[in-house]
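One-based numbering along the sequence shown.
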Amino acid sequence: MTSNLLKFAAVASVLTVTFRLFLSIGIENRSNAIIMVSAIAYFIAMFLAGWIFGKKEWNHLPIHDVGFRFHLTTYLAYIILSELWFALNFHHKSETIITIHITAAIWGVFLLCHFIYYLYIRKNTINHLDKEELFD
């Protein structure tokens, strides 16, 4: 865990809660526009947050695939906060927890593929670092 990853996790958590709030409002008002705008805004905001913090992370620690840790953090933030959203009964009555479970399963498959890729390339993940400086 690095400071950039922790900052990203905090931003991802705030964005996820905000998305869940607007998603529930859109469902409650039966507004496809609110649902679509909130989903698109969430995607863009998460992409930008990942890009900004990922770039800072790369500059701080040039590991080839910093994206996996950010991908895993995004997955955990979204799934855990969505589960809590339902557990705390903040969801709209027409929303079902099954949607979160299906999302977790499908997204989990992509995360697993990303993890396999990460394992495959990890032997080359440390670029341009002096071995003497790694453990200072």
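Applying ring pair (Phe, Tyr, Trp, His ring centres under 6.0 Å) to Phe115 and the options Phe68, Tyr75, Tyr120 leaves one that passes, Phe68. Here the rule is side-chain contact (heavy atoms from CB on, under 4.5 Å) with Thr16, and of Ile80, Leu81, Val11 only Leu81 fits it.
Rounding to the nearest 0.5 angstrom, the gap separating the CG atom in Leu72 from the CG atom in Leu5 is 8.5 Å. Atom CH2 in Trp107 sits 6.0 Å away from atom NE2 in His71 (nearest 0.5 Å). To the nearest 0.5 Å, atom CG of residue Leu6 and atom CZ of residue Phe53 are 10.5 Å apart.
No side-chain heavy atom of Glu28 sits under 4.5 Å from any side-chain heavy atom of Lys93. Inter-residue side-chain proximity for Ile52 and Phe8 is flagged as unmet; no heavy-atom pair is nearer than 4.5 Å. No side-chain heavy atom of Lys56 sits under 4.5 Å from any side-chain heavy atom of Lys7. With contacts defined as side-chain heavy-atom distances shorter than 4.5 Å, the pair Phe19/Met46 does not qualify.
Although no hydrogens or angles enter the test, the distance criterion places no donor-acceptor pair under 3.5 Å between the side chain of Ser24 and the main chain of Leu21.
In terms of hydrophobic clustering, with Ile, Leu, Val, Met, Phe, Trp and Tyr side chains grouped at heavy-atom distances under 4.5 Å, Ile98 and Ile100 are assigned to different clusters. Hydrophobic clustering, with ILVMFWY side chains joined whenever heavy atoms are under 4.5 angstrom apart, groups Leu15 together with Ile25.
Around atom CZ of Phe86, more than 12 heavy atoms belonging to other residues, nucleotides or ligands sit under 6.0 Å away.
In this pair, Tyr117 and His114 present their aromatic rings tilted. The plane angle is within the 30 to 60° band.
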